[in-house]
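Inspection log for the structure reproduced underneath, given as structure tokens.
We count ligands from 1, going down the list as the structure has it; atoms in each ligand are counted the same way.
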Amino acid sequence: MINPSNAPTSRFLRDAGMEPGMRVLDIGCANGILTRELAQLLGKNGHVHGVDSNEDRLADARSQPAEPEQASITYENVDLSGSLPDWEPFDAIVGRRILMYLPDAAETVRRLTALLKTDGLMIFQEHSATGMPFAAGPIPQHRQAHDWLWRMIAAEDGTITMGLEFPKLLEKAALDIAHYRAEVIMLGSASDQGIEDVANYMVDRVIEAGVADRETIQPDSLTERLVAERQKASPIAWDMAYLICGTKRS
Ligand SMILES: C[S@@+](CC[C@H](N)C(=O)[O-])C[C@H]1O[C@@H](n2cnc3c(N)ncnc32)[C@H](O)[C@@H]1O
């Protein structure tokens, strides 16, 4: 599954000053999609340490083959809501869609800051449900799917406005904001835009969270409904990715 909302990350990592040879911590690495992208960017002299609290996702990440010209990768099971291991300081700490799941993201960012070298980079990508999605014409199917997904996250105690809370979080951790950007994820009319995969993948979670039942969602025709609406109503501004880079003061 390729999540279209991941596209802005690699551009931002480069703009923020990530360089070959760095030692980087990837928080909430899940099955290592971003971890492997970081390893490619950091090259063979770099290192990425991916951490997550879900052992199944870590096992999936560990099962991926290592690439010879890329940075070495290690993984560790860590609960980011508690106290953190005594790691050697990192050149950069990166996280994508992880702060939204933490009970006290500000406290975690504060603890992570202690693990960053002076002038080190704290880089996050998060999203916000606020104001999305929109298009020039009506898009009831996309609005409905968006609403189910974000209500599911809220029902799971996730924060649905995290991208807009970045400045506050970095300020509390005494980090200086070097870059702060929002990028809209646009959907065109082509049938495969990735969001159908995301929506279908989430159906069981939406039901489990009590947001909507199977009868209401009608998963068998979900893809077809979204694709048909996009053919009439695209382009659709589907999601907003917020990206921030903070630096640690001396
Ligand atoms: C949306 S996924 C992250 C995706 C990944 N960063 C990427 O970009 O491919 C969120 C991850 O956060 C992890 N997570 C949630 N709460 C956590 C916690 N308290 N400590 C560590 N990991 C946690 C989940 O296990 C899950 O793998």
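Salt bridge present: Asp176 and Arg249 bring a charged side-chain N and a carboxylate O closer than 4.0 Å. Between Asp15 and Arg181, at least one side-chain N (NZ, or NE/NH1/NH2) sits under 4.0 Å from a carboxylate O, which counts as a salt bridge.
In summary, the atoms of ligand 1 found under 4.0 Å from a heavy atom of Val78, numbered by their order in the structure, are 20 (N), 21 (C). Residue Asn54 approaches ligand 1 through these ligand atoms, each under 4.0 Å from one of its heavy atoms: 25 (O). Per-residue contacts place Arg97 under 4.0 angstrom from the following atoms of ligand 1 (heavy atoms of the residue considered): 1 (C), 2 (S), 3 (C), 10 (C).
Nearest to atom 14 (N) of ligand 1 among the protein's heavy atoms is Ile98 CD1, 3.5 Å. Protein heavy atom nearest atom 19 (N) of ligand 1, with residue, atom name and distance: Asp79 OD1, 2.8 Å. The protein heavy atom nearest to atom 20 (N) of ligand 1 is Leu80 N, 2.8 Å. The closest protein non-hydrogen atom to atom 13 (C) of ligand 1 is Asp52 OD2, 3.3 Å.
The distance criterion of under 3.5 Å between nitrogen or oxygen atoms is not met by Asn31 with respect to ligand 1. Taking only nitrogen or oxygen atoms, main chain and side chain alike, Arg57 reaches within less than 3.5 Å of ligand 1. Residue contacts with ligand 1: Arg96 is placed with a nitrogen or oxygen under 3.5 Å of a nitrogen or oxygen of the ligand (distance criterion only). For ligand 1, one of its N or O atoms has an N or O atom of Gly28 under 3.5 Å away. Residue Ile27 places no N or O, backbone or side chain, under 3.5 Å from any N or O of ligand 1.
Here the SG-CD distance, from Cys29 to Glu76, works out to 10.0 Å after rounding to the nearest 0.5 Å. To the nearest 0.5 Å, atom OG1 of residue Thr108 and atom CG of residue Leu84 are 7.0 Å apart.
Residue-ligand proximity: Asp26 is placed with every non-hydrogen atom at 4.0 Å or more from ligand 1.
Remark: Arg62 fails to qualify as a cation-pi partner of Tyr75 under the 6.0 Å distance and 45° angle criteria applied to the six-membered ring.
Relative to atom 18 (C) of ligand 1, the option among Gly82, Ser53, Ala61, Pro103 with the closest non-hydrogen atom is Ser53.
Checking Gln231 against Ser189 by side-chain atom types alone, no donor-acceptor pair falls below 3.5 Å. No donor-acceptor contact under 3.5 angstrom links the side chains of Ser83 and Arg111, judged on distance only. In the model, Thr74 has a side-chain atom that pairs as donor or acceptor with a side-chain atom of His47 under 3.5 Å. There is a side-chain donor-acceptor pair under 3.5 Å between Asp26 and Thr35.
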